[in-house]
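Structure record follows, encoded as structure tokens.
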Amino acid sequence: MNVGYVVSRYPLLSETFILREMWERERAGHQVFVYPLRRVTTGPRHERTRALRAPVWVAPWMQVGCHVRRLRRHPLRYCAALAAVVSGNLGDWNLLAGAIAYWNKAVAMAERMERDGIEVVHAHYATHPAMVAYVVERLTGIGYSFTAHAHD
């Protein structure tokens, strides 16, 4: 199975538990793909980061082409997903700002995940990563799950 992981930042030493989960999935024969919202380029890393075979893809902040392609192919799906993201975050200005900021990355990730043959998406944290997984599902039909953690 091709599993796409959406995480806030990668790799983070403090999130070794996520790395272990992905590593175990690979050991079980799954193909893991990592889609961080932001790449971490400095700081210490867990030694197993090098052992993970998963490709890592960080979406650029703005990719106009993927929005145009989505709107042409499925305009209602695109608009409904955007409306759901905005209306679902209206009660919290911080979540709304993040949802709008990560909308561009979510659309780009949806396109990339289709290209990568992702069969299921799993997000860690019930905030922006889960919102991105939700958008991917709304735009592509790829099912998703998420894990909520302490501060969620």
Side-chain angles (χ1 to χ4, degrees), residues 1-67 69-70 77-78 81-82 84-86 88-89 91-152:
M1 176 180 289
N2 291 340
V3 182
Y5 273 83
V6 179
V7 293
S8 294
R9 292 172 285 169
Y10 182 82
L12 280 183
L13 186 59
S14 63
E15 295 185 356
T16 302
F17 59 97
I18 298 172
L19 177 62
R20 283 190 199 117
E21 181 181 314
M22 293 187 294
W23 192 74
E24 286 298 327
R25 279 206 182 246
E26 283 189 346
R27 275 183 13 125
H30 299 274
Q31 173 65 51
V32 173
F33 296 77
V34 183
Y35 303 93
L37 299 179
R38 291 179 285 163
R39 183 185 300 273
V40 175
T41 57
T42 61
R45 295 176 186 205
H46 193 280
E47 61 197 41
R48 277 199 180 161
T49 301
R50 290 185 303 275
L52 194 68
R53 294 184 310 270
V56 178
W57 187 75
V58 182
W61 278 104
M62 184 51 120
Q63 286 206 338
V64 176
C66 63
H67 292 274
R69 286 187 292 278
R70 286 283 152 194
R77 200 183 290 180
Y78 180 95
L82 179 57
V85 164
V86 171
N89 288 287
D92 185 313
W93 286 106
N94 185 40
L95 289 177
L96 179 61
I100 292 168
Y102 287 118
W103 171 257
N104 291 307
K105 285 188 174 249
V107 175
M109 284 184 188
E111 188 170 84
R112 180 62 182 242
M113 286 183 190
E114 280 186 321
R115 195 173 328 136
D116 288 343
I118 298 301
E119 298 169 79
V120 66
V121 177
H122 184 72
H124 272 277
Y125 293 102
T127 53
H128 301 118
M131 185 277 302
V132 168
Y134 170 78
V135 170
V136 169
E137 189 275 332
R138 294 289 304 260
L139 296 178
T140 67
I142 300 170
Y144 78 100
S145 59
F146 68 91
T147 302
H149 297 283
H151 72 273
D152 288 334

What are the two closest non-hydrogen atoms of [X] and [Y], and how far apart are they?
| X | Y | value |
| --- | --- | --- |
| His122 | Ser145 | ND1-OG, 2.6 Å |
| Val85 | Ala99 | CG1-CB, 3.6 Å |
| Pro129 | Leu37 | N-CD1, 4.0 Å |
| Val121 | Val136 | CG2-CG1, 4.0 Å |
| Val34 | Ala54 | CG2-CB, 3.9 Å |

From the list Met1, Met113, Glu137, His30, side chain to side chain contact (heavy atoms under 4.5 Å, CB included) partner of Val120 resolves to Met1

Practice prompt. For Tyr35 and Val132, run side-chain contact (heavy atoms from CB on, under 4.5 Å): C-alpha distance rounded to whole Å, both residues' side-chain angles, the deciding distance at 0.1 Å, then the answer.
Written response: CA-CA 10 Å; Tyr35 303 93; Val132 168; over 6 Å; no

Taking only residues two or more places apart in sequence or in another chain, which ones pass salt bridge (charged side-chain N to carboxylate O under 4.0 Å, His left out) with [X]?
| X | value |
| --- | --- |
| Arg70 | Glu114 |
| Arg115 | Glu111 |
| Glu21 | none |
| Arg138 | none |

To the nearest 0.5 Å, atom OH of Tyr5 lies from atom CD1 of Ile18 at 9.0 Å

d(Met109 CE, Phe33 CZ) to nearest 0.5 Å is 14.0 Å

If the condition is side-chain contact (heavy atoms from CB on, under 4.5 Å), which residues does [X] pass it with, not counting sequence neighbours?
| X | result |
| --- | --- |
| Ala97 | none |
| Arg53 | Glu26 |
| Arg77 | His74 |
| Leu95 | Asn89, Asp92, Thr127, His128 |

**Sub-4.5 Å side-chain heavy-atom contact between Gln63 and Val107** = no

Do the non-hydrogen side-chain atoms of Pro36 and Arg9 ever get within less than 4.5 Å of each other?
no

Tell me if a side-chain donor or acceptor on Glu119 pairs with a main-chain N or O of Asn2 at a distance below 3.5 Å. yes

Review point. Mind checking whether Tyr144 and Phe146 have parallel, tilted or perpendicular rings, split at 30° and 60°?
Key: parallel

Hits for ring pair (Phe, Tyr, Trp, His ring centres under 6.0 Å) against Tyr125, two or more places apart or cross-chain, chain-then-number order -> His149, His151

Tyr134 meets the ring pair (Phe, Tyr, Trp, His ring centres under 6.0 Å) criterion, sequence neighbours left out, with none

Exercise. Could you give me the CA-CA distance, side-chain angles and deciding distance for Asn104 and His67, then say whether side-chain contact (heavy atoms from CB on, under 4.5 Å) is met?
Key: CA-CA 8 Å; Asn104 291 307; His67 292 274; 3.0 Å; yes

Residue set satisfying side-chain hydrogen bond (donor to acceptor under 3.5 Å, both in side chains) with Trp103, at least two apart, ordered chain then number -> Tyr78

So the salt bridge (Lys or Arg N to Asp or Glu O under 4.0 Å) pairs with at least one residue in residues 97-109 (sequence neighbours excluded) are none

For this session: Verify side-chain contact (heavy atoms from CB on, under 4.5 Å) between Tyr10 and Leu19, making sure each step is shown before the conclusion.
Result: CA-CA 9 Å; Tyr10 182 82; Leu19 177 62; 4.0 Å; yes

